[in-house]
Amino acid sequence: MSPRPPARRGACPAFLAPMETGDGLILRLVPAEGAISPDQLRGLARAATAFGNSMMEITARGSLQVRGLTAETVAPLQDAVLALGITPRLGLAIDISPLSGLDPREAADARPLAGRIREGAAGLAGKLGPKVSVVIDGGGAISLGGQRADVRLAAMRSGAGVMWSVTIGGGAPELLVEQHAAAQALDALSRIAALGRRARATDLPGCDTAQGDHDKPPAPLGTFALADGRFACGIGLPFGAGVAGLFTALADAAEAAGASDLRPATERVLLATGLDADGALAFAAEARRLGCLVAPDDPRAYVAACPGAPACVCAHFPARDLAPLVAEALAPLLDGTVTVHLSACAKGCAHPAPATLTFVGMDGGIALVHEGAPSGARGPVIAVDALAARLATLALTPRAPGETGRGLLARMQEAGLPAGLWLREGNDRPMVKT
């Protein structure tokens, strides 16, 4: 038995092109400057309540989303965003660290290179597909190493200067100075555009090998020192989502703590910047009280979950509702070596890369893939309401001295022991390994 084919592939919601799903239209907003004020976040929360279903999200790539819009309320929401003074990023997705230019640990400020590429790619508007992206990693406290991209540029210190490692699709990296790195990136984008809007970098000659799976860096939770002597404090939304009231409360907490602005970040994190040491502690304490993640060892930080049913038309189970139970059940194994993905269909929107354990919605229940992506799911199937209890039993399996959670799962996979998870009689197949 295979997962139900997803209804849509190759599409992303955007500010000017919201995407329809089970609970209405989703509008994605990336502030062009990467930051918004507490008052702007409060205004966005009001708009999400007035024109959507009040659900808001921060995605794994650090975008804000408003859910539950209708065809009639999209334009008023867009107008509200502009009236708040928020300039949305339009066109090519170029991702940089939200702390670029503020982080004393970075090898280079990624903003000038991002501006050069954005300006050079302006003529490609409408020719590149919505999923084509550029990642520019200047190094520093917040790594973008886990993000896939058509064009990846990573800063590397070279003597007194900086060089950029440029990788196109799955091709070999090339070390270049900034000017030549920008030219290389723009040439690749032009060649992708020439192949049509469905093309990606892996369609280019010499770049067609699959991109390697980058180790997922930890979520940027906690306190980060800034170059000016102040601090940023990163807190995580529970599985990336919350009602508008939670965002309002976080805006109030950031303002009370003395934050200069708020910045959506990778792995569904919201950063408050410009804090003094006491302000960072106060913001984290209030975020904890509100139920947010404030430390990297929170088990929820290792569990990615899509909205699931009924919010998504493709979903087979309520992934986000199930996620807290799964995180609690697997907590003994979530030691930083294990990633878990609850994917209510085969698209894998919440975590496109392979995870240690991926649970995939299928007709009749959930399939499990070990060290693979949702697309690798086949039977066996476990009932949705039995999953958390079975995982709690699995997590109690004794570990050998020094054995990690991931190591334990690999040992169990080799022994075929995970068959005990499944309910169907006579089904003794182990986890699917892809």
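As the structure is a computational prediction, the values presented were derived from the model and not from experiment.
Note on R105 versus D103: no salt bridge recorded, every NZ/NE/NH1/NH2 to OD/OE distance being 4.0 Å or above.
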(Q) I'd like to know whether S190 forms a side chain to side chain contact (heavy atoms under 4.5 Å, CB included) with L124, so could you lay out the CA-CA distance, the side-chain angles of the two residues, the decisive distance to 0.1 Å, and finally the verdict. (A) CA-CA 7 Å; S190 295; L124 302 177; 4.1 Å; yes
Q: Could you walk me through whether L330 and V338 pass side chain to side chain contact (heavy atoms under 4.5 Å, CB included), step by step?
A: CA-CA 10 Å; L330 287 177; V338 174; 6.0 Å; no
Q.
Using side chain to side chain contact (heavy atoms under 4.5 Å, CB included), reason through I192 and V132 one step at a time and then give a plain yes or no.
A. CA-CA 9 Å; I192 295 169; V132 173; 4.2 Å; yes
Q) Hey, mind stepping through L128 and D150 against side chain to side chain contact (heavy atoms under 4.5 Å, CB included) and telling me if it holds? A) CA-CA 11 Å; L128 292 167; D150 293 86; over 6 Å; no
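In this structure the side chain of F247 reaches within 4.5 angstrom of the side chain of L64, judged on heavy atoms. Under the 4.5 Å side-chain criterion, counting only non-hydrogen atoms from C-beta, D137 is not in contact with L153. Residues V360 and L342 have side chains not in contact (no heavy-atom distance under 4.5 Å, counting atoms from C-beta outward). Looking only at side-chain heavy atoms (C-beta outward), L408 and T397 come within less than 4.5 Å of each other. Counting heavy atoms from C-beta outward, R390 and T393 have side chains that stay 4.5 Å or more apart. Between P18 and I26 there is no side-chain heavy-atom pair separated by less than 4.5 Å. Counting heavy atoms from C-beta on, the side chains of T273 and L262 never come closer than 4.5 Å. Put simply, the side chain of L113 reaches to within 4.5 Å of the side chain of W164, judged on heavy atoms.
From L237, atom CG reaches atom SG of C292 across 5.5 Å, with rounding to the nearest 0.5 Å. We find the CZ-CZ distance between R28 and F15 to be 14.0 Å, quoted to the nearest 0.5 Å. Here the CZ-NZ distance, from R200 to K131, works out to 7.0 Å after rounding to the nearest 0.5 Å. Between atom CG of residue L275 and atom OG1 of residue T223 there is a gap of 8.0 Å, rounded to the nearest 0.5 Å. To the nearest 0.5 Å, atoms CD1 (I142) and CD (E106) are separated by 10.5 Å. Interatomic distance, L394 CG to L409 CG, rounded to the nearest 0.5 Å: 6.0 Å.
Pairs engaging residues 179-193 under the salt bridge (Lys or Arg N to Asp or Glu O under 4.0 Å) rule: D187-R191 [sequence neighbours left out]. Among residue pairs with one or both ends in residues 128-155, none qualify as ring-ring contact (aromatic ring centres under 6.0 Å, His included); sequence neighbours excluded. The stretch residues 318-341 participates, sequence neighbours left out, in these salt bridge (Lys or Arg N to Asp or Glu O under 4.0 Å) pairs: E57-R320, D335-R399. Screening residues 281-306 for ring-ring contact (aromatic ring centres under 6.0 Å, His included) gives no qualifying pairs among residues at least two apart or on separate chains.
With sequence neighbours excluded, no residue forms a side chain to side chain donor-acceptor pair (under 3.5 Å) with T266. When the salt bridge (Lys or Arg N to Asp or Glu O under 4.0 Å) test is applied to E33, no partner is found at least two apart in sequence or on another chain. Shown here are the salt bridge (Lys or Arg N to Asp or Glu O under 4.0 Å) partners of D95, two or more places apart in sequence or in another chain: R61, R89. Residues passing the salt bridge (Lys or Arg N to Asp or Glu O under 4.0 Å) test with R111 are D109, sequence neighbours excluded. Residues that satisfy the salt bridge (Lys or Arg N to Asp or Glu O under 4.0 Å) test with R197, not counting sequence neighbours, are absent from this structure. Annotation: side chain to side chain donor-acceptor pair (under 3.5 Å) contacts of N53 (sequence neighbours excluded): D23. Every residue meeting the side chain to side chain donor-acceptor pair (under 3.5 Å) condition with T356, not counting sequence neighbours, appears here in chain and number order: T339.
Environment of CD in E119: sparse, with no more than 12 heavy atoms of neighbouring residues, nucleotides or ligands closer than 6.0 Å.
Judged by distance alone, the side chain of T358 and the main-chain N or O of G372 form a donor-acceptor pair under 3.5 Å. A donor-acceptor pair under 3.5 Å links the side-chain atoms of T337 to the main chain of R406, judged by distance alone.
Scanning both residues, S100 and A110, for their nearest heavy atoms gives OG-CB, 3.9 Å. Heavy-atom minimum distance, C233 versus A284: SG-CB, 3.9 Å. A pairwise comparison of heavy atoms in M163 and S158 identifies CG-CB, 3.6 Å as the closest pair. When all heavy atoms of P31 and I36 are compared, the closest pair comes out as CG-CG2, 3.7 Å. Here the closest non-hydrogen pair linking T21 and C312 is OG1-CA, 3.1 Å. Residue G274 comes nearest to R230 through the heavy atom pair O-NE, 2.8 Å, listed as atom of the first residue, atom of the second, then distance.
The side-chain contact (heavy atoms from CB on, under 4.5 Å) test with L25 singles out one residue from T70, V74, V66, and that residue is V74.
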Atom pairs and distances, donor-acceptor, side-chain atoms in residues 167-185, under 3.5 Å, two or more places apart:
{"from": "E174", "atom 1": "OE1", "to": "Q184", "atom 2": "NE2", "distance (Å)": "2.8"}

